[in-house]
Amino acid sequence: MGWGILCSMESITKNLTDAQADAVTHIDGPLLIIAGPGSGKTRVVTHRIAHMLHQGVRPYQIAALTFTNKAADEMRMRVNLLAPGQPVWMGTFHRFCAQQLRRYASMVGLNENYSIYDMSDSKSAMKRAIAAAGIATSHTSPEQISSAISKAKNRLITPEIMQQQSGRAGDTVAARVYPVYQQQLLLANAVDFDDLLYHFARLLRENPEVRAELDAKLKYIMVDEYQDTNLAQYAIVRAMSVDHPNLAVTGDPDQSIYGWRGADLNNILDFEKDYPNVKTVRLEQNYRSTPNILAVADQLIRHNRRRKAKELFTENPDGENVILRQYEDGYQEADEIADEIAAQMIAGNAEPRDFAIFCRMNALTRSLEHALRNRGLPYQIVNGQEFYQRKEVKDLLSYLHLINNPAHDVALQRVINTPTRGIGATTIGRLQSFADANRIPMLEAARRANEIDSLSKRAVTMVSRFVTIYDRLRKKATASLEDLLRYLVEETHYVAYLEKTGIEKEDHNPVANVDELISAAVEFDRMHPDDGSLDAFLEQVALVADTDAFEDSNNRVTLMTLHAAKGLEFPRVFVIAVEDDLLPHRRSKEDDQQLEEERRLLFVGITRAKQWCQLSYAKRRSVRGDIRPVIPSMFLNELPRADMTVQEARADNDFFDAVDQEYPESWDIIQEEPDGTAADSGPGVQLDADPFGPDEVFEPGPEPSNPSTVDRLPSASVIPDVYFDDAETPVKKSKAKSKIKAGLQTASEMLDSGRTPLNLYREGSTVRHPEYGEGTITSLVGRGPKKTAKIQFGEETGEQTFRLAFAKLELVD
DNA sequence: GTAAACGGTATTTTT
DNA sequence: TACCGTTTAC
């Protein structure tokens with residue numbers, strides 16, 4: 001054996017449980033590993049690879065397919081510890097297909113330098129296809145058509161078949177667009193994400209010799225997260241495991257959360273039928289979580305019908321109860337979670353990286369972000385706006401794409417007038433028509449601009465000028481990426497353009513992003529001294545997901561969606577907004593299978609937690625602008641109260657204390673726990689006396705005002721009505737309340753009744769105060785009831801600070 | 001042709 | 001609220 005360092009057989013299998021060792025030592029023949037959360041699955045997979053190598057399997061005969069780059073990186077790192085330097089192929093499905101397609105490009109009608117359209121690219125392409133197909137978007141949206149076509153591709157349905165099938169279904173429109181869209185992609189020498197799988201699956205199906213070749217070459221295929229495979233992926237894996245059916249899949253039906261993307265749970269549920277001689281191993285012991293957390297998760301998931309029943313257990317010591325927490329609203333949720341994190345850190349047994357906050361939708365991270373930032377807590381958002389999606393980055397990448405693939409029409413349209421060079425929509429439209437008529441790429445049309453009669457002389461000049469710039473850039477295509485990018489930025493005067501047009505916002509600095517992209521290029525050059533091509537760089541960029549951006553080396557609180565959380569673990573976990581219409585999501589409630597998927601989503605969230613976990617919901621939450629009452633998620637009723645602590649919302653006397661706690665300048669320094677009291681509203685904030693007029697809605701609740709006191713309510717078998725009813729809440733039983741229920745008046749209107757709505761105050765607004773007279777708002781911070789303004793009055797009074805919800809202010813216009 | 005201003009509308013999750 | 005497409009004013 002070529003590597004002396006590799007551990008002995010015993011050390012590979014020692015420290016493994018029987019079940020784990022069973023899986024690790026199974027080499028030939030199909031293998032199904034049902035792996036519960038935290039059951040050491042990655043350990044098994046990596047040890048199995050090491051074991052196979054040890055037994056003489058050649059590294060290039062093994063391919064391990066994952067869904068995320070992060071999972072692949074993790075696997076690579078850990079295999080490398082066990083068997084250093086072995087060239088086992090590990091990577092995502094999409095990357096695998098992309099690489100194979102490079103080799104066999106011509107067999108599916110592509111060129112080897114084909115481009116991968118990202119979502120926004122395919123969106124533009126889709127719009128163009130819809131227009132070309134002559135379809136009015138009055139009754140459908142491009143998104144719906146996209147999604148129908150995407151689903152078709154995931155199920156390996158060709159345009160022809162879709163047209164035949166769509167007799168009665170509402171997919172007829174999509175079926176008409178589909179062939180047009182595919183043709184345009186092919187003409188642009190491009191594929192979308194689905195095509196990577198679709199083309200490759202069809203390639204295998206239609207070319208037996210290619211199939212046999214790959215089957216023989218990759219004798220041992222492993223698939224991670226098998227429960228998330230769709231039909232295309234299933235077909236690919238199957239096709240490569242006919243002559244050498246040494247297919248090992250790992251997964252957990254209870255963690256299947258990608259049904260909406262075409263994942264078919266039957267792939268894993270029926271695996272044993274597909275491969276009769278399969279060896280099945282169940283990993284049910286959990287090494288990650290406390291028994292309490294596991295019990296809650298297990299009880300929840302037992303409500304699903306479509307699953308393979310598992311008996312999850314752990315030998316970990318007992319931990320704290322899972323907390324079920326109610327908040328008044330999303331802002332309080334955000335603030336108090338941030339406070340809780342601060343408190344736990346101050347208590348000294350946690351640091352930022354220990355915490356993760358999960359939510360159903362990206363939009364929900366905003367208030368959390370705000371609250372964390374206010375307290376100076378370091379955090380990272382794992383989704384937000386992906387770096388590669390930002391305008392300035394996309395602009396430059398589009399240039400690179402066009403340089404690499406002159407047929408990339410989407411890139412051309414993005415770039416031809418960026419920076420602006422006098423080529424407007426009309427001109428672009430005419431180029432497009434000419435291109436369509438002659439079945440040529442738009443760049444080709446641009447080269448032949450003088451043949452296009454409809455173009456004005458001026459337009460022809462402008463277009464030619466662009467082509468000249470393009471050709472100049474193209475000459476640099478083989479330079480290092482860094483050189484190419486720098487040259488590009490310089491030649492197009494891109495930075496000047498950004499500075500001229502860019503509106504620099506607080507957390508958005510376009511020029512810095514340009515620099516960051518250049519850094520990424522430098523890094524790529526460094527990592528690929530030999531094989532570094534523009535092609536490879538663009539492929540790499542296209543296939544990294546936002547979830548891969550997660551850095552556990554950063555000592556930061558992590559904010560992400562539940563989907564992004566899969567495969568990760570954190571000591572302390574918050575799942576926020578466990579509310580009806582959100583989790584389960586409104587659009588998933590009608591269908592049982594989708595509802596079960598939502599339940600799995602929460603299951604995934606809870607099982608990420610190692611020692612501490614809180615689920616929360618609010619009584620009301622603002623949804624795109626206005627505030628609406630909330631019904632807690634039905635899933636909360638399914639949780640066992642024995643392992644939980646239920647906490648009702650703290651009454652909103654919180655408006656007057658906890659808000660303005662002082663936090664350390666830097667979290668390196670840990671301070672004593674702040675002892676906020678009702679009277680202590682913190683420095684710099686002035687509250688008007690008695691904010692409650694006769695018509696006020698709020699009254700102080702019965703809770704103690706010391707925020708460090710935690711209320712532990714007795715457990716209950718179901719969520720008591722009190723959580724969303726008025727019985728013990730600070731909302732008075734008044735006409736105002738019934739209006740909430742009837743939806744006639746929003747809570748924010750109630751809060752602001754008889755006052756100027758908070759969102760009308762702007763920096764620079766002139767306001768009148770009964771005592772101080774007129775002043776100008778110099779700054780605004782905070783949200784909702786906590787929105788605070790600094791107001792500059794006359795010389796005598798100077799600057800004063802007010803909580804807008806309570807101050808007796810009037811807007812002067 | 002460009003840019004700002006307006007108004008309508010959608011709103012999940014992501015390789 | 002935020003984005004997008006459209007209109008409007010230069």
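Quick note on labels: first sequence line is chain A, next is B, and so on, each numbered from 1.
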request  = Give the rounded distance in Å between these two atoms: NE2 of A/His94 and C1' of B/dT14.
outcome  = 9 Å
ask   = So does A/Asn417 get a side-chain nitrogen or oxygen closer than 4.0 Å to the phosphate oxygens (OP1/OP2) of B/dT2?
value = yes
query = B/dT15 base stacked by A/Phe67? Criteria: ring centres under 5.5 Å, plane angle under 30°.
reply = no
Length of the line joining A/Asn69:CG and B/dT15:P, which is rounded to integer Å = 8 Å
request  = With heavy atoms under 4.0 Å as the rule, sort A/Arg95 into base, sugar-phosphate or nothing.
outcome  = nothing
query = Toward the 5' end of DNA chain B, which comes first, A/Ala425 or A/Gln594, by nearest nucleotide?
reply = A/Ala425
query = Strictly under 6.0 Å, is that where the ring centroids of A/Tyr327 and A/Tyr617 end up?
reply = no
remark   = Taken to the nearest whole Å, CZ/A/Arg261 to P/B/dT15 is 6 Å
query = How close or far is atom C1' of C/dT1 from atom CZ of A/Arg628, stated in whole angstroms?
reply = 13 Å
message = Looking only at the side chain of A/Thr420 (C-beta and beyond, no hydrogens), which of the listed nucleotides B/dG1, B/dA3, B/dT14 gets closest?
response = B/dA3
message = Does B/dT15 have its OP1 or OP2 closer than 4.0 Å to a side-chain nitrogen or oxygen of A/Asn230?
response = no
For A/Lys127, salt bridge (charged side-chain N to carboxylate O under 4.0 Å, His left out) partners two or more places apart = none
side-chain N/O A/Arg366 vs C/dA2 OP1/OP2, d < 4.0 Å = yes
Listed nucleotide nearest any side-chain atom of A/Thr426, set B/dT15, B/dT14, B/dG1 = B/dG1
ask   = Could you give the CE-to-P distance, from A/Met361 to B/dA10, as a whole number of Å?
value = 16 Å
Rounded distance (Å) that lies between atom P of C/dC3 and atom NZ of A/Lys391 = 14 Å
Test: A/Arg102 cationic atom under 6.0 Å from A/Tyr114 six-membered ring centre, within 45° of axis = yes
key: Between A/Phe635 and A/His303, ring centroids under 6.0 Å   = no
query = Nearest-Å distance, CG (A/Leu197) to P (B/dT15)?
reply = 13 Å
inquiry  = Distance check needed: B/dT14 C1' versus A/Lys70 NZ, whole Å only.
reply    = 17 Å
task = Among the candidates C/dC4, B/dT13, B/dA3, find the nucleotide nearest to the side-chain atoms of A/Lys127.
result = C/dC4
task = For residues A/Tyr104 and A/His199, establish whether the separation of their ring centroids is below 6.0 Å.
result = no
key: Short side-chain N/O contact to B/dT13 OP1/OP2 from A/Ser588, under 4.0 Å   = no
query = On a whole-Å scale, what distance lies between the C1' atoms belonging to B/dT13 and C/dC4?
reply = 22 Å
ask   = Given C/dT1, is OP1 or OP2 found less than 4.0 Å from the side-chain N or O atoms of A/Ser622?
value = no
message = Of the options B/dT13, B/dT2, B/dT15, whose atoms approach the side-chain atoms of A/Thr92 most closely?
response = B/dT15
inquiry  = Suppose the criterion is side chain to side chain donor-acceptor pair (under 3.5 Å): which pairs have a residue in residues 453-462 of chain A, not counting sequence neighbours?
reply    = none
